[in-house]
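What follows is a set of notes on a single structure, which appears directly below.
Heavy atoms only: backbone and side chains are in, while hydrogens, waters and symmetry mates are out. Protein chains get the first letters and strands the later ones, always in sequence-line order, with residue 1 at the start of each.
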Amino acid sequence: MLDIRLIRENPDEIIARLAAKGRDAKEDIAKILELDRERRSLIQKTDELKARQNKVSKEIPRMKKAGEDVSAIVLESRQLSDEIKDNDNLRKETEEKLNEVMAGLPNLPDPDLKPGGKENNEVLRMFGSPKQFDFEPKNHVDLCTDLGLIDYPRGAKLSGSGFWIYRGMGARLEWALLNYFIETHLNDGYELVMVPHMLGGQAGYVSGQFPKFKDEVYWLKNDEGEREHFMLPTAETALVSLHMDEILTEKELPRKYVAYTPCFRKEAGSHRTDERGMIRGHQFNKVEMVQYTRPEDSDKAFEELVGKAEALVKGLGFHFRTVKLAAEDCSASMARTYDIEIHIPSMNGYKEVSSVSNARDYQARRGNIRFRREETGKTEFVHTLNGSGLATSRILPAIVEQNQQKDGSVLVPEVLRKYLGGIEVLTKDMNHI
RNA sequence: GGAGAAAUACCCAAGUGGUGAAGGGGCUCCCCUGCUAAGGGAGUAGGGCGUGAAAGCGUCGCGAGGGUUCAAAUCCCUCUUUCUCCGCCA
């Protein structure tokens, strides 16, 4: 949600900045300005009526006590009451319309972003270089199947396409990754939270996934009149709504959270032939970092989150790159986003394993998340940031592909060994599925 | 899942239709006192919204949303959450 005052004061600037995100907002802004005027004039009128009504209301008991005739004043009060009700309904209607248009506007991209889409993304940093093999490397689907790490056929049997099963050493490797990530975050002072995997609709609104992306999540079919639930598409949805409708103290900022959850996504129509295996599924594992900060601290926090995501990938010994997304490639809620992309040899390309974003006050406005500034005693909206740290289901294919050896075995990255009872190499004879 | 009770400020809590939502604790300030404790006094209902340069003024506000009424913390309905008992259960 954008600040209505900003729109009121600089409508042209807002239109220009949203244009960088590929959004022509001229009509919406015009509509907002009109509804906003209408709303304020209705409020003014209604408040005057209410003031009059309050005055009259106080007269009645006084007159009654004095034994005066109250029929005339009661009649006036009744008329005022009707008029107020009509005005209030009109105001409510106007506010709903206004909110609908406002909620549909994406966040403003930071001014330093290049306008346009993916083609304007900018590689900021590269670490390492693509692995060279002196043998014909296998792809991760074959490796995972041959080593018995992942059971694709039975995943499909249980739940259909887009689902798989981690088995034996595969499950332990995935678990080791989660442990490595979480332990690192704990050392960095983040609070570990375990959140519900089913969320009520409001949470999706705060993070900005709704109303636009309502079709991309799984909704549970509840009985008539029951609260609606959806399966969370990322822990961000839960973590960003954690402090909905709260006023935090300035002292307790920044808040730093980390959560592991499976993530559930429909991914309708987004299947590509090169995204085999676990590159894109309906359920994948991810550790998510979220920070709530004062406005002036969010740039620093953003760099911290990017640095943390990079450090995790570096710790695994991988070649990767950090990409600054162009305005249009950032999601609707975000002012800026950097992606960490890891090299997957069989795809001859890079796949996102982390996406770090600064929403500034966009989500905080939607969720009414504020803090009280000590100096002024006033409340302000916080800034929210989030970043994957990391998506394990994209890391595991990279591990097996980048660390494969000529004999088909896979080296376990050093940092993970302590979570795997010291095992250094994954070989065929460890698992039979 | 069934039955019952409750929700008022930072905390406890009074308030069953009528002008400003009691009181206490805590907190802040002041006084008294070598210091501390104790004591005395004052302040302390949030957060929006509208208007205004600001001070201010107006409005909303007693879990949420509706309704009845000239008037609702108070009466009625729906919902949410919490507690107690029963059932079920990892």
Given the options Gln291(A), His185(A), Lys308(A), Tyr190(A) meets side-chain hydrogen bond (donor to acceptor under 3.5 Å, both in side chains) only with Gln291(A)

For Trp175(A), the ring-ring contact (aromatic ring centres under 6.0 Å, His included) test, sequence neighbours excluded, returns none

Base, sugar-phosphate alone, or nothing: which one does Ser81(A) contact when heavy atoms must sit under 4.0 Å apart? sugar-phosphate

Verify the contact: side-chain N or O of Thr379(A) to OP1 or OP2 of G48(B), cut-off strictly under 4.0 Å; return yes or no. yes

So does Arg62(A) get a side-chain nitrogen or oxygen closer than 4.0 Å to the phosphate oxygens (OP1/OP2) of G18(B)? no

Mind checking Lys92(A) for me? I need base, sugar-phosphate or nothing, with any heavy atom below 4.0 Å counting as a touch. sugar-phosphate

Of the listed G50(B), G18(B), G47(B), the closest approach to the Pro61(A) side chain comes from G18(B)

Round to the nearest Å and state the distance from Leu49(A) atom CG to C49(B) atom P. 21 Å

C49(B) P sits how many Å from Lys378(A) NZ, rounded? 12 Å

Check whether any side-chain heavy atom of Pro153(A) sits under 4.5 Å from a side-chain heavy atom of Asp151(A), and report yes or no. yes

Compare side-chain N and O positions of Arg91(A) against OP1 and OP2 of G50(B) and report whether any pair is under 4.0 Å apart. no

If the condition is ring-ring contact (aromatic ring centres under 6.0 Å, His included), which residues does His243(A) pass it with, not counting sequence neighbours? Tyr257(A), Tyr292(A)

Please produce a list of atom pairs where a protein N or O lies less than 3.5 Å from an N or O of nucleotides 57-59 of chain B.
| from | atom 1 | to | atom 2 | distance (Å) |
| --- | --- | --- | --- | --- |
| G58(B) | N2 | Asp47(A) | OD2 | 3.0 |
| U59(B) | OP1 | Asn54(A) | ND2 | 3.0 |
| U59(B) | O2' | Asp47(A) | OD1 | 3.2 |

Can you tell me if the side-chain N/O atoms of Arg8(A) get under 4.0 Å from OP1 or OP2 in G50(B)? yes

Span that lies between the P atom of C60(B) and that of U78(B), in whole angstrom: 27 Å

Between U68(B) and C75(B), how far apart are the C1' atoms? Round to whole Å, please. 8 Å

Just N and O in the side chain of Lys85(A): are any of them under 4.0 Å from OP1 or OP2 of U68(B)? yes

Looking only at the side chains, is there a donor atom on one of Ser333(A) and Asn107(A) sitting less than 3.5 Å from an acceptor on the other? no

Interface polar pairs with nucleotides 7-10 of chain B, N/O, under 3.5 angstrom:
none

Between Arg154(A) and Arg167(A), does a side chain to side chain contact (heavy atoms under 4.5 Å, CB included) hold up when you go through it step by step? CA-CA 11 Å; Arg154(A) 291 193 180 88; Arg167(A) 296 195 57 177; 3.3 Å; yes

From the set G47(B), G50(B), G18(B), return the single nucleotide nearest to any side-chain atom of Ile60(A). G18(B)

Considering just the side-chain nitrogens and oxygens of Arg40(A), establish if one lies under 4.0 Å of OP1 or OP2 belonging to U51(B). yes

Check whether any side-chain heavy atom of Thr249(A) lies under 4.5 Å from a side-chain heavy atom of Arg372(A), and answer yes or no. no

Over how many whole Å does the gap from Glu95(A) atom CD to G50(B) atom C1' extend? 11 Å

Interatomic distance where CG belongs to Asn89(A) and P belongs to G67(B) [whole Å]: 8 Å

Identify whether any heavy atom of Ile73(A) sits under 4.0 Å from a base atom; if not, whether one sits that close to sugar-phosphate; answer base, sugar-phosphate or nothing. nothing

Report the distance from atom CE of Met244(A) to atom P of G47(B), rounded to the nearest whole Å. 20 Å

Sequence neighbours excluded, which residues qualify as ring-ring contact (aromatic ring centres under 6.0 Å, His included) partners of Phe181(A)? none

Would you indicate whether the side-chain heavy atoms of Ile150(A) and Val141(A) approach each other to under 4.5 Å? no

Output the distance between atom CD (Glu38(A)) and atom CD (Glu34(A)), rounded to the nearest 0.5 Å. 6.5 Å

Tightest non-hydrogen contact, residues Pro262(A) and Leu232(A), listed as O-CD1, 3.2 Å

With rounding to whole Å, what would you report as the distance between G47(B) and C11(B) at their P atoms? 14 Å

So, Thr392(A) versus Glu174(A): side-chain donor-acceptor pair below 3.5 Å or not? yes

For the side chain of Ile247(A), starting at C-beta, report the closest nucleotide among G18(B), G50(B), G47(B). G47(B)

Select one nucleotide: of A71(B), G50(B), G47(B), the one nearest the side-chain heavy atoms of Ser57(A). A71(B)

Measure CZ/Arg5(A) against C1'/G50(B) and give the value in whole Å, please. 11 Å

Rounding to an integer number of Å, can you tell me how far Gln53(A) CD sits from G18(B) P? 16 Å

Pair pattern of RNA chain B in dot-bracket, where unpaired bases get dots and | marks partners in another strand, Watson-Crick or G-U under 3.5 angstrom: ((((((((.[[[..)..(....]]]((((((.......))))))..(((((....)))))..[[[[[..)....]]]]])))))))....

How long is the line joining CD of Glu38(A) and P of C49(B), in whole Å? 19 Å

Regarding Glu183(A) and Lys418(A), does a basic nitrogen lie under 4.0 Å from an acidic carboxylate oxygen? yes

